[in-house]
Asker: 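Handing you this structure, nothing more for now.
Proteins come first, then strands; the chains are lettered A, B, ... in the order of their sequence lines, and each starts at number 1.
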Amino acid sequence: MSFLELNKVTKIYPNGTKAVHETSMNVENGEFMVFVGPSGCGKSTLLRMIAGLEDITEGNINLDGILINKVDPSERDIAMVFQNYALYPHMNVYNNLAYGLKNRGISKEDIEKKVNEAAKLLQISEYLQRKPSMLSGGQRQRVAMGRAIVRSPKIFLFDEPLSNLDAKLRIQMRLEIKKLQQKVGVTSIFVTHDQVEAMTLADRLAVINNGLIEQLGTPIEIYNNPKSMFVAGFIGSPQMNFLEGELKNKTLTSEGFEINNVTSDFNGPVILGIRPEHMSQTDKGLINLSVDLVEQLGSDNLIYGEIKNKKDFCFRCPGSQIIKKGSKLSLNINDNNYYVFDKSNGNRVN
Amino acid sequence: MKIKLSQILAHIVLILGVLLMVIPIWLSFASSTHDTVTILKEGMKFGLGDQLTRNYNEVLNEKGGWSEEVTAAKMFINSFIMALGIATLKVIISAMSAYALVYFRFKFAVPIFWLIFITLLVPLEVRIFPSYKIVSDLGLTNSYTGLVLPLVASATATFFFRQFYKTIPDELLESAKLDGANSWRFFIDFLVPLSKTMIAAMFIFMFVYGYSQYLWPLIMTTSEEYWTVVMGMKIIFTESYEGVALPRTAERFAYIILSMIPPVLVVVFLQKWFIKGLIQTEK
């Protein structure tokens, strides 16, 4: 039996909107699970149902062997970090951390001990007497995490906690969250729309679209082996290139080139997906790209150009390679690293 | 130079405003230090007289009214109790009903809110007969309860609290829930401290409102024991002179000055909170 079990969980709002469709999944003890998907895909709703902040329309949620559908959020022993942190503005940091413990009737000495431990862990000891309004974004973030940690709950829920931070701080906090979770070892669920966050944090990640889990697996599994066009397009940066084509008798015809021996019995219109990093320059390659734009990132160059009817085709090459605007490149796909999707439903067919 | 000119203008306007407010009070105070005859003969005085102690002593300790038993000091106490009761209960009830309206999404919450809001259009003076009937049927005439109770429901304060609670982000409630706070704790631990400046402001308004009530205590009380300051102003310190009731003007001025003290104290005391809350926005 898993630590957290979702069994055909469905959410239908009173106005009839179906936010989550019969979702089933298991999260193991100590695992870091990430829900990733575009905004409005139902990932936050799913998280809030686990927290108890939304009613479950159908299905069951079990936490640590107990059915928690009807358990009040305050009794679930779950801690959540909100997008805007939801710190208590009228309490100082110490009381922000202590409030949940006080409500549990823990003795004053124990509270003090736990708060000081958590504060030390998060390096916020010197701010304990300050009000949240006197803290910077990163410090508030830490306090919000501290409030979750101090209670040593069964499970941590993070609802896009990094999206209010600037880019540099976000990367730093991302790292800290991962380290902290490994140190504390608490089962965590992290919701984000940022695929880089998802890839870096997750032990396993669930790609969610329109209230359905499109794919569930380790980040590398999902990157290497996307099951659908949606997942393939969502995971990976820069985004995978999609080209229209036709598959017939294992031969794929697309924008001016052909691929033979495709491992698929599918016949009909398809979408060919190629990641920008899965190509390299050769003399007589498959794809002929005329360069429109070069983005130099230092370590890498992102080359955008046109192949036949497809604009903004992206190719990624090392930063040392100098490529000029207007030049023509000849590219090959490395090791048959391409993906073929059924055009009608987006499912992977190779 | 331009800035200076506008500053001077602003100061002139402000000084004029201050004078407009202060001169009548000063006139009343200065007049309260003369004897009645001087005032009747020469009108209100700007300068100070020599009757200050006598007049104020008389006001506070002389027994007046028809029964010659009630003192002004007693009326101050009555008014203070009434205003304090009204202000306190109004704030508590309004805060709680606004809490119910905003956070407990029960059926008909919106119509109920508008029903409460409509009562703004029906002030006490309009419903004074039914109100009197109810209070007298309950046997509450001539009691502090009777003075306070019919005035404690407040649409204004409910409205202000409701608007304020609506600005508090939902995440705060959700976070508090996960921290194990029930609805009562959320109200006490969150809404009350967060709205303390609002509470202070409402308390000031409602205290002054209660203190200046005239019509309700007038019809509610037959016993002089429950007279309030505002009522007393018309009734006490009257001299009978050849069958004509003449006002004892000097004592009345002293009485007016004294009657201003309690609300002024409330404002001065709570203003500190008020300004503190305005400077330190904690949201």
Asker: To the nearest 0.5 Å, tell me how far Gln181(A) CD sits from Met145(A) CE.
Answerer: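 These two atoms lie 10.0 Å from each other.
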Asker: Which atoms of Arg48(A) come close to chain B, meaning under 4.5 Å heavy atom to heavy atom: side chain ones, backbone ones, both, or neither?
Answerer: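 Side chain only.
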Asker: Is the distance from the ring center of Phe190(A) to that of Phe35(A) below 6.0 Å?
Answerer: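 Between Phe35(A) and Phe190(A), which both carry aromatic rings, the centre distance is not below 6.0 Å.
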Asker: Does this structure show an ion pair linking Arg151(A) with Asp179(B), if we count only N-O contacts that are shorter than 4.0 Å?
Answerer: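 Salt bridge present between Arg151(A) and Asp179(B).
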Asker: Can you confirm whether or not the ring centre of Phe207(B) sits under 6.0 Å from the ring centre of Phe80(B)?
Answerer: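 Between Phe80(B) and Phe207(B), which both carry aromatic rings, the centre distance is below 6.0 Å.
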Asker: Contact part of Phe82(A) toward chain B, heavy-atom cut-off under 4.5 Å: side chain, backbone, both or neither?
Answerer: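 Only the side chain of Phe82(A) comes within 4.5 Å of chain B.
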Asker: Which region of Asp170(B), side chain (C-beta onward) or backbone (N, CA, C, O), has a non-hydrogen atom less than 4.5 Å from a non-hydrogen atom of chain A, or is it both or neither?
Answerer: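 Contact with chain A is absent: no heavy atom of Asp170(B) under 4.5 Å.
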Asker: Between Phe186(B) and Tyr103(B), is the gap from one ring center to the other below 6.0 Å?
Answerer: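 Centroid distance Phe186(B)-Tyr103(B): below 6.0 Å, so yes.
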Asker: Decide, yes or no, whether a salt bridge links Lys177(B) with Glu171(B) under the criterion of side-chain N to carboxylate O below 4.0 Å.
Answerer: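 No.
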Asker: May I ask you to list the residues in residues 99-116 of chain A that approach chain B closer than 4.5 angstrom, counting heavy atoms only, ordered by number?
Answerer: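 Within residues 99-116 of chain A, the residues under 4.5 Å from chain B are Tyr99(A), Gly100(A), Asn103(A), Arg104(A).
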Asker: Is there a side-chain contact between Ile12(A) and Thr10(A) (heavy atoms, below 4.5 Å)?
Answerer: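 Yes. Closest side-chain heavy atoms under 4.5 Å.
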